[in-house]
Amino acid sequence: MPLQESKKATLADWESLGEDVRAELIAGEIYYMAPPNRKHQETLMFLSADIRNYLKGKPCKVYPAPFGVYLHSEDGTTDAVEPDISVICDKDKLSTRGCEGAPTWIIEIVSPGNMAHDYVTKLSLYLRHGVKEYWIVNPDRETVTVYHLAQDLVPEAYTFRDAVQVHTLGNLSIDFTQLDLE
């Protein structure tokens with residue numbers, strides 16, 4: 001007897017969850033997200049403010065979560081994710097529901113229960129869909145892993161004692177020594 005193939009979730013299935021349910025759709029799997037903790041939110045606010053201040057008067061825009069990113073595949077499927085921070089430099093990708101296509105730069109802030117999701121699942125997804133730069137920020141370990149997906153998959157490793165250069169936005173550098181998580 002052949003094994004029964006499991007049904008993959010669709011964008012319609014994901015959308016039917018409603019706006020009050022935090023979940024992402026990746027490769028036909030729905031991933032539910034727990035509420036972020038205090039360190040996560042402080043890191044999110046610090047990074048978003050730094051990036052927003054730098055982008056004033058420039059064509060790129062920063063969008064902190066919750067903000068929908070829809071990554072469309074050639075086979076007609078769509079992955080729907082909610083990165084912690086998305087920077088979009090192509091205004092044609094912006095729609096009323098979010099971003100249709102790959103943002104230029106994505107930052108994910110690791111929560112203790114979903115490390116593999118950010119380091120493996122999302123890295124693969126963002127690489128496949130053409131995100132140019134991907135940062136994984138881990139507030140508990142005080143580390144920043146930077147991928148220049150437009151060039152190669154060799155990560156650069158930093159700590160919260162470093163200033164980290166953003167390669168996709170000119171001369172922006174994020175000084176993590178200014179992040180006070182107490």
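- Although no hydrogens or angles enter the test, the distance criterion places no donor-acceptor pair under 3.5 Å between the side chain of Asp162 and the main chain of Val164.
- At a threshold of 4.5 Å between side-chain heavy atoms, the hydrophobic network of Ile, Leu, Val, Met, Phe, Trp and Tyr places Leu44 and Leu172 in one connected group.
- Residues passing the salt bridge (charged side-chain N to carboxylate O under 4.0 Å, His left out) test with Glu15, sequence neighbours excluded: Arg97.
- Asp84 CG to Ser111 OG: the interatomic distance, rounded to the nearest 0.5 Å, is 7.0 Å.
- For Ala80, the side chain to side chain contact (heavy atoms under 4.5 Å, CB included) partners at least two apart in sequence or on another chain are Leu11, Trp14, Leu25, Tyr70.
- Side-chain contact between Val166 and Val146 is absent, with no heavy atoms from C-beta onward closer than 4.5 Å.
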I would like to know whether Asn37 and Glu42 meet side chain to side chain contact (heavy atoms under 4.5 Å, CB included); could you show each step before the answer? CA-CA 9 Å; Asn37 65 30; Glu42 286 182 20; over 6 Å; no
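- Legend: residues meeting side chain to side chain donor-acceptor pair (under 3.5 Å) with Trp135, ordered by chain and number and at least two apart, are Glu133.
- How far NZ of Lys132 is from CG of Leu169: 10.5 Å, rounded to the nearest 0.5 Å.
- In this view, Met115 and Val110, Tyr119, Asn138, Arg141 satisfy the side chain to side chain contact (heavy atoms under 4.5 Å, CB included) rule, not counting sequence neighbours.
- Trp105 and Leu71 fall into different hydrophobic clusters, where Ile, Leu, Val, Met, Phe, Trp and Tyr are joined by side-chain heavy atoms under 4.5 Å apart, directly or via other members.
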Show your working on side chain to side chain contact (heavy atoms under 4.5 Å, CB included) between Ile26 and Lys122 and close with a plain yes or no. CA-CA 8 Å; Ile26 301 174; Lys122 285 191 167 181; 4.3 Å; yes
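- Under the ring pair (Phe, Tyr, Trp, His ring centres under 6.0 Å) criterion, the residue pairs touching residues 143-174 are His148-His167, Phe160-Phe176, with sequence neighbours excluded.
- Atom NZ of Lys93 is surrounded by more than 12 heavy atoms from other residues, nucleotides or ligands within 6.0 Å.
- The side-chain heavy atoms of Ile109 and Pro139, taken from C-beta on, include a pair separated by under 4.5 Å.
- Summarising the local packing, CZ of Arg38 is surrounded by more than 12 heavy atoms from other residues, nucleotides or ligands at distances under 6.0 Å.
- Applying the side chain to side chain donor-acceptor pair (under 3.5 Å) criterion to Tyr134, with sequence neighbours excluded, gives no partner residue.
- Contact between Ser73 and His129 at its shortest, heavy atoms only, is OG-CE1, 3.4 Å.
- In summary, the side chains of Thr10 and Asp13 do present a donor paired with an acceptor at a separation below 3.5 Å, with no hydrogens or angles considered.
- Residue Ile136 holds its CD1 atom at 9.0 Å from OG1 of Thr143, rounded to the nearest 0.5 Å.
- Every residue two or more places apart in sequence or in another chain was checked for a salt bridge (charged side-chain N to carboxylate O under 4.0 Å, His left out) with Glu142, and none qualifies.
- Considering only heavy atoms from C-beta on, Val131 stays 4.5 Å or farther from Leu127 through its side chain.
- Residues that satisfy the side chain to side chain contact (heavy atoms under 4.5 Å, CB included) test with Arg22, not counting sequence neighbours, are Met33, Pro36, Glu82.
- Between Glu29 and Lys8, every side-chain heavy-atom pair lies at or beyond the 4.5 Å cut-off.
- Using a 4.5 Å heavy-atom threshold, the side chains of Ile106 and Ile85 count as separate.
- Taken together through direct or relayed side-chain contacts under 4.5 Å among Ile, Leu, Val, Met, Phe, Trp and Tyr, Val87 and Tyr126 form parts of separate hydrophobic clusters.
- Here the side chain of Thr43 pairs a donor or acceptor atom with the backbone of Lys39 at under 3.5 angstrom.
- Residue pairs meeting the ring pair (Phe, Tyr, Trp, His ring centres under 6.0 Å) criterion with at least one member in residues 30-52, sequence neighbours excluded: Tyr31-His117.
- Side chains of Leu125 and Val81 form a contact here, defined as non-hydrogen atoms less than 4.5 Å apart.
- Note on Val62: it does not cluster hydrophobically with Met45, by side-chain heavy-atom contacts below 4.5 Å among ILVMFWY residues.
- Here the straight-line distance linking atom NZ of Lys61 with atom OG1 of Thr104 works out to 13.5 Å at 0.5 Å rounding.
- Residues in residues 48-57 take part in these side chain to side chain donor-acceptor pair (under 3.5 Å) pairs, two or more places apart or across chains: Tyr54-Asn171.
- Residues forming a side chain to side chain contact (heavy atoms under 4.5 Å, CB included) with Ser173 (at least two apart in sequence, or on another chain): Ala163, Gln165.
- Side-chain atoms of Phe67 and Cys99, non-hydrogen and from C-beta on, do get closer than 4.5 Å to each other.
- Of all the heavy atoms in Thr145 and Pro155, the pair that sits closest is CG2-CB, 3.7 Å.
- The minimum heavy-atom distance between Ala23 and Leu17, with the atom names listed, is CB-CD1, 3.9 Å.
- Contacts of Asp175 classified as salt bridge (charged side-chain N to carboxylate O under 4.0 Å, His left out), with partners at least two apart in sequence or in another chain: none.
- Within the 4.5 Å cutoff, no side-chain heavy atoms of Leu123 are placed close to those of Asp118.
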